[in-house]
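No hydrogens, no waters, no symmetry mates; every other heavy atom, side chains included, goes into these values. This structure is a prediction, so every number in the text was calculated from the model and none was measured. Chain naming here is simple, since letters A, B, ... match the order of the sequence lines and numbering starts at 1 in each.
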Amino acid sequence: MPDLSIDTELARTILTGFIKTEITRSGFSRTVLGLSGGIDSALACYLAAEALGPENVLAIRMPYKTSSKDSLEHAQLIIDDLGVQSLTTPITDMVDPLIERFPDMENRRKGNIMARQRMIILFDQSEAFKGLVLGTGNKTEILLGYSTLYGDSACAINPIGDLYKTQVRELSRAVGVPQALLDKAPSADLWIGQTDEQELGFTYEEADRLLYLLIDQRYKPEECVEAGFAANFVKAVIQRVRKNQFKRVLPPIAKLSNRTMGYDFLYLRDWGT
Amino acid sequence: MKLNLALAQINTVLGDVNRNLEKHLTLIKEARNKGADLIIFPELSLTGYILQDLVPTVALHPDDSDPVFNQLLEASRAIDIMVGFVEEDSRNRFYIACAYLSDGKVLHVHHKVYLPTYGLFDEGRFFAAGDGVNAFDTRFGRVGMLICEDFWHASLPYVLWLDGADLFLFASASPGRGLPHTNNGCEPGKLDSARWVDEINRAYAGLFTSFVVHTNRVGYEDGLNFWGGASAYNPDGEPTIQGPQHQEALVMTELDLNQLHRTRVRLPLLRDEKSSLVLKEITRINQKHNA
């Protein structure tokens with residue numbers, strides 16, 4: 001089985017350097033992030049506090065009426081531990097009027113509305129706090145497309161998007177994320193009792209090992225089967241990665257002119273800085 | 001003879017030549033104050049690395065008519081300088097280049113021959129490839145300069161060695177990648193990309209019984225990081241210095257050039273090298289391929 005362990009000290013050096021550099025070169029010194037009570041946003045918060053100083057980090061809790069109490073409490077543990085600035089903005093009154101308009105709305109739509117409402121709050125606070133929004137999506141969920149487009153995936157920069165979920169856990173442990181967060185089952189917490197692994201149909205550990213071989217090590221699907229993964233699992237994961245490519249790229253612009261953004265107008269975001 | 005060498009591992013401003021020039025001049029002065037005879041800068045040190053459509057806006061001409069080179073040439077009266085830049089030739093081709101300046105003159109310009117265009121690299125899309133390598137004489141002996149991907153092709157250091165280079169100056173803007181695993185015995189604190197470069201440079205020093213020195217960018221461009229880690233190896237393949245990972249630094253090291261004599265008495269690989277045999281066999285192989 002592949003080894004997904006990482007040199008956490010080196011990862012920490014690179015990622016805190018990334019946060020500090022990329023935020024300051026755009027003319028900012030502060031960051032805003034949503035703190036869900038899970039380990040992804042916890043890790044991002046620890047890295048940001050180390051990179052920018054806790055006074056320059058605004059952590060926002062945005063519970064919905066069905067959100068678990070644990071989520072709120074776990075987020076508070078981090079706020080207290082790091083001494084970052086914080087804000088609690090419940091979203092129930094904001095999203096319920098929309099949800100109530102469509103009585104037959106299923107969970108996925110409700111979840112997307114909640115994720116996008118949280119995005120609105122983060123970007124509004126970004127302006128008020130004069131800080132860039134920090135992304136908290138990990139490599140596993142980005143590859144599987146397990147996120148809401150223009151919702152939880154929306155951000156200015158993402159420090160943890162090249163770490164698989166199991167690596168997020170390893171780095172979280174190393175930077176001091178409280179044990180209570182490390183121990184619990186990952187959940188988007190969009191409805192009562194939801195867990196990621198139940199919804200996805202496989203564990204992060206299985207998915208990470210397979211994705212590591214497919215993506216990082218460029219294994220062919222049949223080589224993954226030879227390495228011990230079930231053929232239908234390999235097929236399902238590959239299909240999921242492909243079907244969610246649209247979430248990982250900017251919307252294509254229909255080319256008409258001689259010079260078009262995305263095709264032959266090419267500059268890094270860090271242009272001139 | 002001793003060579004006091006300064007290896008600048010620096011961050012750059014993407015596409016702002018004047019701000020990068022300022023940093024060069026500051027470091028040149030600092031190196032000179034520390035007694036350096038030669039300072040070397042990383043690949044594209046005057047421009048930044050992922051230039052894309054910025055390439056034509058940052059291109060320079062390495063002569064004293066150029067306002068940027070004019071200042072560097074002036075500074076080179078006190079200390080030799082190797083600097084990285086984009087050169088636009090008289091027919092408007094753009095090259096990744098490095099120049100060696102000494103006593104107000106450009107002694108040599110190298111155009112990067114191998115432009116990586118795979119994985120995260122896209123150089124071949126924006127640059128023309130150099131079509132040759134030459135060693136050249138300096139006040140410290142004969143030198144060969146290569147840029148990053150160039151020294152991943154063993155043929156180029158080999159050709160420079162045959163052309164008389166005893167001191168190899170390598171410059172990179174090497175994007176950091178490959179977080180090492182905890183349990184595989186690798187040196188902690190070093191990315192795979194850093195380890196790969198150090199291993200081959202050390203091998204070149206030992207195989208060519210020559211000095212191999214390397215400097216590399218630091219900082220970030222969008223999500224890419226550059227790992228620094230400047231290094232120098234003596235003709236025995238022993239490190240004389242290793243710069244810090246991921247931090248700007250002016251790394252100083254003294255090279256005892258007499259080591260060439262001592263090592264090559266012990267290990268006369270250069271004396272015994274059969275370049276005619278290599279030529280004969282390469283000619284045969286090429287003829288077979290072309291047939």
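When side chains are defined from C-beta on, His181(B) does not count as touching Asp7(A), because their heavy atoms never get closer than 4.5 Å. For the pair Tyr267(A) and Leu54(B), the minimum side-chain heavy-atom distance is below 4.5 Å. The shortest side-chain heavy-atom distance between Leu14(B) and Leu268(A) falls under the 4.5 Å cut-off. Residues Lys190(B) and Leu10(A) are not in side-chain contact: their nearest non-hydrogen atoms beyond the backbone lie 4.5 Å or more apart. Contact of the Thr273(A) side chain with the Glu221(B) side chain is not registered, since no non-hydrogen atoms from C-beta on lie closer than 4.5 Å.
Residue Ile157(A) does not touch chain B at all, counting heavy-atom pairs closer than 4.5 Å. Using a 4.5 Å cut-off between heavy atoms, Glu22(A) touches chain B through its side chain atoms alone. Heavy-atom distances place the side chain of Glu170(A), and not its backbone, under 4.5 Å from chain B. Neither the backbone nor the side chain of Leu224(B) has a heavy atom closer than 4.5 Å to any heavy atom of chain A. Residue contact with chain B, scored on non-hydrogen atoms closer than 4.5 Å, is absent for Arg12(A).
For the atom pair CG (Asp3(A)) and OG1 (Thr182(B)), the distance works out to 6.5 Å, reported to the nearest 0.5 Å. Summarising the geometry, atom CZ belonging to Phe265(A) is positioned 10.5 Å from atom CD belonging to Gln52(B); distances are rounded to the nearest 0.5 Å. In this structure, CG on Leu179(B) lies 5.5 Å from CD1 on Ile6(A), to the nearest 0.5 angstrom. Trp271(A) contributes atom CH2, which lies 8.5 Å from atom OG1 of Thr57(B) (distance to the nearest 0.5 angstrom). One finds the CG atom of Leu51(B) at 12.0 Å from the CG atom of Leu266(A) (value rounded to the nearest 0.5 Å). Here CZ of Arg177(B) is found 12.5 Å from CG of Asp162(A). Values are rounded to the nearest 0.5 Å.
The number of heavy-atom neighbours closer than 6.0 Å to NZ of Lys255(A), taken from other residues, nucleotides and ligands shown, is above 12. Shown here is Asp183(A), whose CG atom has more than 12 heavy atoms of other residues, nucleotides or ligands within 6.0 Å. Within 6.0 Å of NZ on Lys20(A) lie no more than 12 heavy atoms contributed by other residues, nucleotides or ligands. By the neighbour-count criterion of 12 heavy atoms within 6.0 Å, atom CZ of Arg218(A) is sparsely surrounded, having that number or fewer from other residues, nucleotides or ligands. Glu127(A) CD: 12 or fewer foreign heavy atoms inside a 6.0 Å radius. Dense packing is recorded around CZ of Phe127(B), with more than 12 heavy atoms of other residues, nucleotides or ligands lying under 6.0 Å away. No more than 12 heavy-atom neighbours from other residues, nucleotides or ligands sit within 6.0 angstrom of CZ on Arg19(B). Taking a 6.0 Å sphere around CG of Leu250(A), one finds it holds 12 or fewer heavy atoms contributed by other residues, nucleotides or ligands.
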> Going through the checks in order, is the side-chain contact (heavy atoms from CB on, under 4.5 Å) test met by Ile14(A) and Gln245(B)?
Replying inline: CA-CA 10 Å; Ile14(A) 294 171; Gln245(B) 302 286 309; over 6 Å; no
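A salt bridge is absent between Asp222(B) and Arg25(A); no separation between the charged side-chain nitrogens and carboxylate oxygens falls under 4.0 Å.
A donor-acceptor contact shorter than 3.5 Å is absent between the side chain of Thr21(A) and the backbone of Tyr220(B).
Ranked by heavy-atom pairs shorter than 4.5 Å toward chain A, the options Gly178(B), Gly15(B), Gly48(B), Gly189(B) are led by Gly189(B).
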